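Model, not experiment: these values are computed from the prediction. Chain letters run A, B, ... following the sequence lines, proteins first and then strands; every chain starts at 1.
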2 protein chains.
Amino acid sequence: MRALIVEDDQFHATYLQDALAEALPEVTEIFHATDGAAGEEEARAGAIGAIVMDLQMDRRNGIEAARTIWAERPQSRILFWSNYADDAYFRGIEQIVPEDSAYGYILKTASRDRLKLALRAVLAEGQIMVDREIHRRQKSAASPRTRLDDSEFAVLIDLALGLQDKLIAERRGMSLRTVQNRLLSLYEKLGVLSDLDDDLTLNKRVRALNRALVTRTINIETLDAAQRDLETWLSGRR
Amino acid sequence: MRALIVEDDQFHATYLQDALAEALPEVTEIFHATDGAAGEEEARAGAIGAIVMDLQMDRRNGIEAARTIWAERPQSRILFWSNYADDAYFRGIEQIVPEDSAYGYILKTASRDRLKLALRAVLAEGQIMVDREIHRRQKSAASPRTRLDDSEFAVLIDLALGLQDKLIAERRGMSLRTVQNRLLSLYEKLGVLSDLDDDLTLNKRVRALNRALVTRTINIETLDAAQRDLETWLSGRR
DNA sequence: AAACACGGTGCGGGAACCCGCAACATCTCT
DNA sequence: AGAGATGTTGCGGGTTCCCGCACCGTGTTT
């Protein structure tokens with residue numbers, strides 16, 4: 001069995017390599033890539049189905065790399081291992097994980113034992129495993145009064161890219177007014193107005209993006225990826 | 001001589017500790033804190049004037065910690081050591097560094113030798129030392145056609161918080177029209193329109209924030225800090 | 001079946017935004 | 001001193017945004 005580590009931090013990579021060797025004696029070879037693009041190539045070249053993937057990397061982040069890897073070999077097993085419990089990451093992963101594959105999400109702050117457990121569960125046994133912390137934030141970020149549903153999230157992405165209402169409507173197949181309703185509930189859920197500090201009025205659109213960022217609902221990688229999606233959509237439009 | 005390391009990543013902390021011991025034999029004690037708030041306390045309690053500070057940390061980031069440390073003991077020497085060369089960080093540091101202190105900024109990707117050099121230069125010799133990479137990005141981000149001047153940056157911050165033109169004008173002491181001129185040049189410099197992809201028109205305000213983020217002109221920590229600044233300004237206004 | 005909730009849609013209007021135009025003020029260069 | 005460059009400000013108007021109101025279709029409750 002061959003495994004691939006995609007991780008740009010030297011220390012984390014070696015630590016992970018040790019843990020992996022301990023947890024999975026059946027692994028015969030461990031490959032290593034330091035960014036998403038290189039990771040894709042390694043996985044392709046070595047036909048590797050067991051991958052540990054960092055999320056935040058320079059050239060190409062973990063989610064994008066995972067998307068192309070899964071597109072080529074949907075049964076690949078990928079354990080994501082990250083510094084942050086951002087909802088943005090989890091949403092991104094959930095969107096791309098194929099039916100018949102295994103994945104996991106574990107934080108770098110997890111203990112070595114828990115990391116090894118996750119390695120076994122996901123890479124060897126093919127289970128789904130999500131760090132408690134992430135599950136908590138994602139699920140209990142809780143009251144449906146606060147959590148965005150998919151269509152709201154889609155509109156948020158478009159808003160964050162700077163699209164105007166009309167274009168969002170076209171892209172998402174809604175009427176103009178419906179887009180505005182989504183925006184309304186976005187403003188509500190993101191707490192755009194609840195700045196009881198004052199009666200000061202804000203620019204809601206910008207404030208919405210601001211709030212989405214500081215609450216880790218989206219992050220800069222999200223924006224990067226969304227920008228690319230937008231461009232392909234634009235080119236296939238005319 | 002006593003030194004303090006403020007760093008939340010375990011591996012990086014021990015690596016740094018080793019390098020510090022090697023580079024500065026005159027250091028007798030090394031303290032360690034894992035977030036900004038704890039770092040402030042350690043520095044205060046131990047009256048420590050030689051500090052290595054990570055930037056991205058949970059409870060309180062490095063720049064904020066540095067600000068209060070320098071407020072209490074302006075002659076403290078601080079070497080910032082970070083994963084990223086974000087212009088946002090550098091701007092933040094430049095704004096708070098006192099006259100008669102030494103500081104440095106070095107990337108985590110730097111070689112061990114260069115790190116040791118920086119440790120000596122800043123903590124022992126009291127020099128100013130900035131990583132080449134950062135200096136390059138900051139200076140040559142280059143053509144004055146692209147780099148924001150201070151007043152543009154201030155307006156960008158306010159825009160990013162979601163303030164409307166009128167409030168920005170009041171806060172920065174400009175006329176409404178002047179604020180709008182600043183915004184105009186912001187749009188220009190951030191490349192809000194230069195999406196030659198299409199004739200599609202965007203929401204400039206949101207797009208400006210988007211561009212500022214993906215170009216690393218500001219980051220989420222910036223937004224956090226700016227929010228707090230805004231609140232104190234608001235409270236001192238009525 | 002009637003009543004109701006809920007989400008999508010159109011209309012209309014007030015507010016904010018974007019920006020061209022023009023009048024000044026300041027500063028620099030010759 | 002005059003010409004020019006640069007930055008600030010007011011005015012006006014076209015555009016987008018925000019959102020209350022009203023209407024409708026679908027699904028749920030009584």
Side-chain angles (χ1 to χ4, degrees), chain A residues 143-196 198-212 230, chain B residues 143-196 198-212 230:
Chain A
S143 47
R145 206 178 317 290
T146 320
R147 178 155 179 87
L148 308 184
D149 64 37
D150 287 345
S151 98
E152 283 164 345
F153 192 76
V155 172
L156 172 60
I157 294 295
D158 288 349
L159 176 149
L161 290 173
L163 304 189
Q164 350 194 113
D165 297 0
K166 212 175 62 174
L167 241 192
I168 301 179
E170 179 187 343
R171 185 176 188 198
R172 302 299 177 188
M174 318 176 187
S175 84
L176 220 175
R177 193 63 182 84
T178 300
V179 171
Q180 294 173 332
N181 280 339
R182 290 285 141 75
L183 288 173
L184 218 51
S185 62
L186 273 180
Y187 299 154
E188 184 70 29
K189 291 186 178 177
L190 290 171
V192 167
L193 342 112
S194 86
D195 293 297
L196 306 176
D198 229 348
D199 56 346
L200 85 172
T201 57
L202 304 148
N203 182 308
K204 313 233 165 146
R205 291 198 148 221
V206 173
R207 189 63 181 176
L209 176 50
N210 179 313
R211 296 290 306 158
L230 172 64
Chain B
S143 48
R145 206 178 316 290
T146 320
R147 179 156 179 85
L148 310 183
D149 63 36
D150 288 343
S151 96
E152 283 163 346
F153 192 75
V155 171
L156 172 60
I157 293 295
D158 289 349
L159 177 150
L161 290 172
L163 304 189
Q164 6 194 98
D165 297 0
K166 212 175 61 172
L167 241 192
I168 301 178
E170 179 187 343
R171 187 177 186 200
R172 303 299 178 187
M174 318 176 186
S175 83
L176 220 176
R177 192 61 183 83
T178 300
V179 170
Q180 294 173 332
N181 280 339
R182 291 286 141 74
L183 288 173
L184 219 50
S185 63
L186 272 180
Y187 299 155
E188 184 70 29
K189 291 186 178 177
L190 290 171
V192 166
L193 342 113
S194 86
D195 294 296
L196 307 176
D198 229 350
D199 56 345
L200 85 171
T201 57
L202 304 149
N203 181 308
K204 312 232 166 147
R205 291 199 149 221
V206 173
R207 189 63 181 176
L209 177 50
N210 179 313
R211 296 289 307 158
L230 172 64

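Here the P atom of nucleotide D:dC17 and the CG atom of A:Leu167 are 10 Å apart, to the nearest Å. D:dC18 atom C1' lies 14 Å from atom CG of A:Leu186, rounded to whole Å. If you take CD1 of B:Ile168 and C1' of C:dC17, they are 11 Å apart, rounded to a whole angstrom. Per the geometry, CG belonging to B:Leu183 stands 18 Å off P belonging to D:dT16, to the nearest Å. Rounded to whole angstrom, the span from the CD atom of B:Glu188 across to the P atom of C:dG20 amounts to 11 Å. In this entry the distance linking CG of A:Leu163 with P of D:dT16 reads 14 Å, nearest Å. In this structure, CG of A:Leu159 is placed 16 Å from P of D:dT16, rounded to the nearest angstrom.
Applying the side chain to side chain contact (heavy atoms under 4.5 Å, CB included) criterion to A:Asn210, with sequence neighbours excluded, gives A:Arg207, A:Val214, B:Leu161, B:Leu223. Not counting sequence neighbours, the partners of A:Glu152 by the side chain to side chain contact (heavy atoms under 4.5 Å, CB included) test are A:Leu148, A:Asp149, A:Arg182, A:Ser185, A:Leu186, A:Lys189.
If you check distances only, the side chain of B:Arg177 never reaches the base of D:dG12 with a donor-acceptor pair under 3.5 Å. The base of C:dG8 has none of its N or O atoms less than 3.5 Å from a complementary donor or acceptor on the side chain of A:Arg172.
When all heavy atoms of A:Val192 and A:Leu202 are compared, the closest pair comes out as O-CD1, 3.6 Å.
Nearest to the side-chain atoms of B:Tyr187 among the listed nucleotides C:dT9, D:dC19, C:dC19 stands C:dC19. Checking D:dC18, C:dT9, D:dT9 against the side-chain heavy atoms of A:Ser175 singles out C:dT9 as nearest.
B:Val179 places none of its side-chain heavy atoms less than 4.5 Å from the side chain of B:Asp158. By the 4.5 Å heavy-atom criterion applied to side chains, A:Leu184 and A:Glu188 are not counted as neighbours.
For the OP1/OP2 pair of C:dC17 and a distance below 4.0 Å, the side-chain nitrogens and oxygens of A:Asn203 include at least one atom meeting the criterion. Phosphate contact (OP1/OP2 of C:dG7, side-chain N/O of A:Arg182, threshold under 4.0 Å): absent.
At the heavy-atom level, B:Leu184 lies under 4.0 Å from the strands shown only through sugar-phosphate atoms. Among the protein residues, B:Gln164 comes within range of the sugar-phosphate backbone only, with heavy atoms under 4.0 Å from sugar or phosphate atoms but none that close to a base. Here B:Asn181 lies in heavy-atom contact (under 4.0 Å) with a base. A:Lys204 comes within 4.0 angstrom of the backbone, heavy atoms only, and of no base.
For B:Gln180 and A:Val179, each mapped to the nucleotide of DNA chain C holding its nearest heavy atom, the one lying further toward the 5' end belongs to A:Val179. With DNA chain D read from its 5' end, the first of the two nearest nucleotides for B:Leu176 and A:Lys166 is the one closest to B:Leu176.
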